[in-house]
Amino acid sequence: MKKKRKLGRGVAIVGAGMSKFGMFKDQDSKDLFADAFREMIVSVDKGVDPKEIDALYLGNFSSDYFMRQSHWGPIISDLVGIAPKPATRTEGACASSALAFREGVFAIASGFYDVVLVGGVEEMSKRTTEEVAEGLALATVPYEGRAGFTFPGVFGAVATAYFAKYGANREHLMNITIKSHNNAPLNPKAQFPITIQDLMNKKKESLKKREGTAPEWQTEKDFLNDPRANPVVAWPMHLFDCCPISDGASCMLLVAEEIAKNFTDDPITVAGLGQGSGRGFHASDDLTYFEATRYAAQEAYGMSGLTPKDIQFSEVHDCFSIAELVHIEDLGFFKPGHGYKAVAEGATRLDGLKPINTSGGLKCKGHPVGATGISQLYEVWTQLRGQAGPRQVPAGDLRFGGAHNLGGTGGTCTFTILERK
Amino acid sequence: MEERPFSDITYEQYLKEERLMGSRCKECDARFVPPRSICVKCFSSDMEWLELKGKGRLAAFTCITIAPPFMIAQGYNRKNPYISGVVELEEGGRVDARIEGLDPNKPEEIKVGMPLKVKYLHTEVGAKKETYLAFEPL
Ligand SMILES: [Zn+2]
């Protein structure tokens, strides 16, 4: 039998912060991380002296490409006054900061450190869309990149395979987009805090002013079905199936569980950790799931002794609408091929049985790739502590929440379960 | 041909010669395309070359309008999209490839499961000659 993994000692999250996500002309990676760090410091209920921090783990995918500047560990460490203490950068494409989180957890669980800062940062908006497409495609499997696949292309292909196998269609994916856009206005950090309904009405008005007539969109799906409003990016992925290009930063303060009470009376602990590696399209016999996510989920459930039913809400890596659908099945929340029906019935809405991406998800909150993993954990931490304001999961007493992060074309996937004891 | 290493570089060289090649593990008969030098079933390194017929079915596809720079250099853009796909080979195994001979502006007409045959795309951008694996309708 497979060994059941556990931490050498418990690890608690006692503080968390993130910058606003968006496209910022006048803020760079350092400015954004400083925003996240300041919020994290203030969030520690009983306060923390930054001098207590032993080390930094920082997720960053590709500032080497996007900003022509690599080696961000020591730069950020110096920014927040941790240097000369150690700083380590982790890279797992869009899952880079989930890996930083894991490394921080392991460093504390091993007994080596007591207080660790983990974070992520990415700055992408200073490149053209085509350049960003190339930069992200660096994280595909080489055979995929050579065949012309971009990230939207990879997930477009997953969608065609899913549609063919299970009979879903674009309208099912629109339910996911509409749901994410309904959550986003409740999140002050979100890049697109606007519902599809409001967006549609705004566009109608501006077209009326400019051209004299407005399109006859009645419903949100009329709007999303109109290629003038929602052009194709990589069939069947259209603009509103895709997460945006974003800048942003996120961070968390991890401490040994045995000293957590020095920082807060309401620590959130790490209940389950999972990470898996994918092999790419050529080595997969079925493109409707991600092997690495299933492996990560199995690890996290095994470590925590929990089942998918126990996870009351979850952030999942919805870089594209189809991705959210596949992940909620891979994580065991819904049976394979049933996810789209559950979504259509409202199960994943904020007031549904299994709220998914209460933050608005990557789609609306934004996806500065290296910062995303810890921003997902930030949302789970905030929800578990009952501090999510108008987007608080209404289920009442929350104990367990999940965060699923995916890098590349499923090459690196993590699933993390946080607990409020 | 027996001398060539079981590598991505050789895989690409064979494509230039219009041959689709994989590797077969002499120890356990596992077959791999693209070729592997280490068998991931039994971990033997005793491999031989395997030539594929180049017939298969479309397992998944996408029509891409926002192209990366190397595809833009080949003339593709928002007005001139292209198709990338995954092809399930007749002998088993899958490859990522360009899909030709179908209209990327009419994706509704492209069907997962449709039979395809291999085509080798020889391109020349500036002084750079490349061959890309592609498939087209049978
Ligand atoms: Zn073998």
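Small disclaimer: the values here were computed from a predicted structure and weren't measured.
Using a 4.5 Å cut-off between heavy atoms, B:Tyr132 touches chain A through its side chain atoms alone. A:Thr128 does not touch chain B: none of its heavy atoms, backbone or side chain, sits under 4.5 Å away. With a 4.5 Å cut-off on non-hydrogen atoms, A:Ala137 does not touch chain B at all. Both the backbone and the side chain of B:Ile66 come within contact range of chain A, each with at least one heavy atom under 4.5 Å from a heavy atom of that chain. At a 4.5 Å heavy-atom cutoff, the contact between B:Glu12 and chain A is made by side-chain atoms alone. If you measure heavy-atom distances from A:Ala159 to chain B, you find no contacts under 4.5 Å at all. In this structure, chain A has no heavy atom under 4.5 Å from any part of B:Asn77.
Side-chain atoms of B:Thr65 come within 3.5 Å of backbone atoms of A:Val233 as a donor-acceptor pair (strictly under, hydrogens ignored). In this structure, the side chain of B:Thr62 does not engage the main chain of A:Ala157 through any donor-acceptor pair within 3.5 Å.
Between A:Glu130 and B:Ile72 there is a side-chain heavy-atom pair separated by less than 4.5 Å. Inter-residue side-chain proximity for A:Tyr143 and B:Val86 is flagged as unmet; no heavy-atom pair is nearer than 4.5 Å. Under the 4.5 Å side-chain criterion, counting only non-hydrogen atoms from C-beta, B:Glu88 is not in contact with A:Asp285. Side-chain contact check for A:His282 versus B:Val95: every heavy-atom pair is 4.5 Å or farther apart.
Scanning all heavy atoms of the two residues, the minimum distance from B:Ala97 to A:Ala147 falls at N-CB, 3.6 Å. Minimum heavy-atom separation, B:Ile64 to A:Gly153: CD1-CA, 4.0 Å.
For the pair A:Arg146 and B:Glu130, the salt-bridge criterion is met [side-chain N within less than 4.0 Å of a carboxylate O].
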